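Here is the structure we will look at.
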Amino acid sequence: MIIGNSISLVAAIFTVASSWSKDQKRIFLYQAVQCFLLAIANVFFISVSGVTTYALCALRNLLIAYDRFTNKVCIAFLISVTAIGLFANNRGLIGLLPVLTTAIYTIACFYVRETKPIKLNIIVNLTLWAIYDIAIHDFVSFTVDTVSAGTAVVSLFR
């Protein structure tokens with residue numbers, strides 16, 4: 001648990017940077033690094049659905065950052081994250097939360113292009129991840145996701 005929380009602490013830097021950034025490309029690049037690190041951290045939390053979901057999210061965020069997230073890619077991603085997430089779930093109902101959260105976020109990522117709606121999507125996403133974080137005892141991510149959601153709210157109105 002200590003190793004997972006330590007990796008989450010490094011990922012936290014990118015979570016906050018994403019929440020504060022105004023540039024769409026940077027938002028998604030920061031999130032890609034964050035998701036990659038959290039995929040590794042979830043290995044230590046023994047959450048296979050977290051590992052697979054975060055790894056897929058890292059790929060999705062790179063595709064979005066470089067304008068490669070087409071309708072077909074979005075559909076393929078949603079099918080992949082759902083199928084792999086359900087198959088890899090070893091945490092019961094709480095293990096389904098990353099899958100649901102990722103599906104909601106992915107759909108919104110496909111349709112929103114302006115900074116304010118992106119920020120709203122980030123706020124919803126971070127709030128749902130915070131619930132998951134506390135359930136798997138990722139206290140660093142819980143704190144960071146909660147603070148980052150608040151940062152995104154402040155950033156939304158600046």
Side-chain angles (χ1 to χ4, degrees), residues 8 11-39 41-42 47-89 91 93-136 138 140-158:
S8 293
I13 296 165
F14 296 96
T15 305
V16 173
S18 171
S19 295
W20 192 251
S21 183
K22 290 183 177 181
D23 177 68
Q24 179 183 348
K25 185 174 183 178
R26 283 185 198 212
I27 288 170
F28 289 108
L29 288 175
Y30 290 145
Q31 286 183 2
V33 174
Q34 170 220 9
C35 288
F36 175 74
L37 292 170
L38 290 173
N42 270 254
S47 179
V48 182
S49 63
V51 172
T52 59
T53 301
Y54 274 125
L56 288 168
C57 288
L59 176 61
R60 178 207 55 214
N61 291 338
L62 285 172
L63 291 168
I64 292 170
Y66 290 103
D67 294 322
R68 301 279 192 250
F69 200 66
T70 65
N71 187 44
K72 288 180 183 178
V73 172
C74 181
I75 292 167
F77 181 84
L78 285 169
I79 292 168
S80 297
V81 78
T82 302
I84 293 169
L86 291 174
F87 178 76
N89 182 17
R91 290 289 198 141
L93 286 176
I94 199 66
L96 297 177
L97 194 53
V99 178
L100 176 65
T101 301
T102 300
I104 292 168
Y105 187 76
T106 299
I107 292 167
C109 284
F110 185 73
Y111 289 105
V112 299
R113 296 289 176 221
E114 300 297 318
T115 302
K116 285 188 179 186
I118 290 170
K119 295 280 185 187
L120 289 171
N121 191 29
I122 289 170
I123 293 163
V124 170
N125 184 48
L126 289 170
T127 301
L128 292 173
W129 276 111
I131 295 167
Y132 171 76
D133 297 335
I134 200 70
I136 66 164
D138 184 352
V140 171
S141 289
F142 170 75
T143 303
V144 171
D145 287 348
T146 302
V147 169
S148 295
T151 302
V153 169
V154 170
S155 176
L156 184 67
F157 296 105
R158 69 178 165 112

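These numbers come from a predicted model, not from an experiment.
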Between [atom1] of [X] and [atom2] of [Y], what distance do you get to the nearest 0.5 Å?
X: Ile107; Y: Cys74; atom1: CD1; atom2: SG; answer: 6.5 Å
X: Ile94; Y: Ile131; atom1: CD1; atom2: CD1; answer: 7.5 Å
X: Gln31; Y: Arg26; atom1: CD; atom2: CZ; answer: 14.5 Å
X: Asp23; Y: Tyr30; atom1: CG; atom2: OH; answer: 8.5 Å

What are the two closest heavy atoms between [X] and [Y], and how far apart are they?
X: Ala39; Y: Val51; value: O-CG2, 3.4 Å
X: Asp138; Y: Ser8; value: OD2-OG, 2.9 Å
X: Gly85; Y: Val99; value: CA-CG2, 3.5 Å

(request) Return each pair, listed once, that meets ring-ring contact (aromatic ring centres under 6.0 Å, His included) where at least one residue sits in residues 62-82; pairs must be two or more places apart or across chains. (result)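 Listed once each, the pairs would be none.
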Mind listing the side-chain donor-acceptor pairs of residues 118-129 below 3.5 Å, one per line with the distance, residues two or more places apart or on another chain?
| from | atom 1 | to | atom 2 | distance (Å) |
| --- | --- | --- | --- | --- |
| Lys119 | NZ | Ser19 | O | 2.7 |
| Lys119 | NZ | Ser21 | O | 2.6 |
| Lys119 | NZ | Ser155 | OG | 3.2 |
| Asn121 | ND2 | Tyr105 | O | 3.3 |
| Asn125 | OD1 | Trp129 | NE1 | 3.1 |
| Thr127 | OG1 | Ile123 | O | 2.8 |

Which residues satisfy the side chain to side chain contact (heavy atoms under 4.5 Å, CB included) test with [X], sequence neighbours excluded?
X: Thr70; answer: Lys72, Val73
X: Asn71; answer: Ile75, Phe110
X: Ala12; answer: Val144

Would a 4.5 Å heavy-atom cut-off, applied to side chains only, mark [X] and [Y] as touching?
X: Leu37; Y: Phe14; result: yes
X: Val153; Y: Leu156; result: no
X: Val33; Y: Ile13; result: no

Give the table of side-chain donor-acceptor pairs shorter than 3.5 Å for residues 53-65, with sequence neighbours excluded, one pair per line with atom names and distance.
| from | atom 1 | to | atom 2 | distance (Å) |
| --- | --- | --- | --- | --- |
| Thr53 | OG1 | Ser49 | O | 2.6 |
| Arg60 | NH1 | Thr106 | OG1 | 2.9 |
| Asn61 | ND2 | Cys57 | O | 3.3 |

(request) Sequence neighbours left out, what passes side chain to side chain donor-acceptor pair (under 3.5 Å) with Thr15? Give chain and number order. (result)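 If we apply the side chain to side chain donor-acceptor pair (under 3.5 Å) test to Thr15, skipping adjacent residues, the hits are Gln34.
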(message) With side-chain hydrogen bond (donor to acceptor under 3.5 Å, both in side chains) as the rule and sequence neighbours excluded, what pairs involving residues 143-152 come up?
(response)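 Output for this query is empty, none listed.
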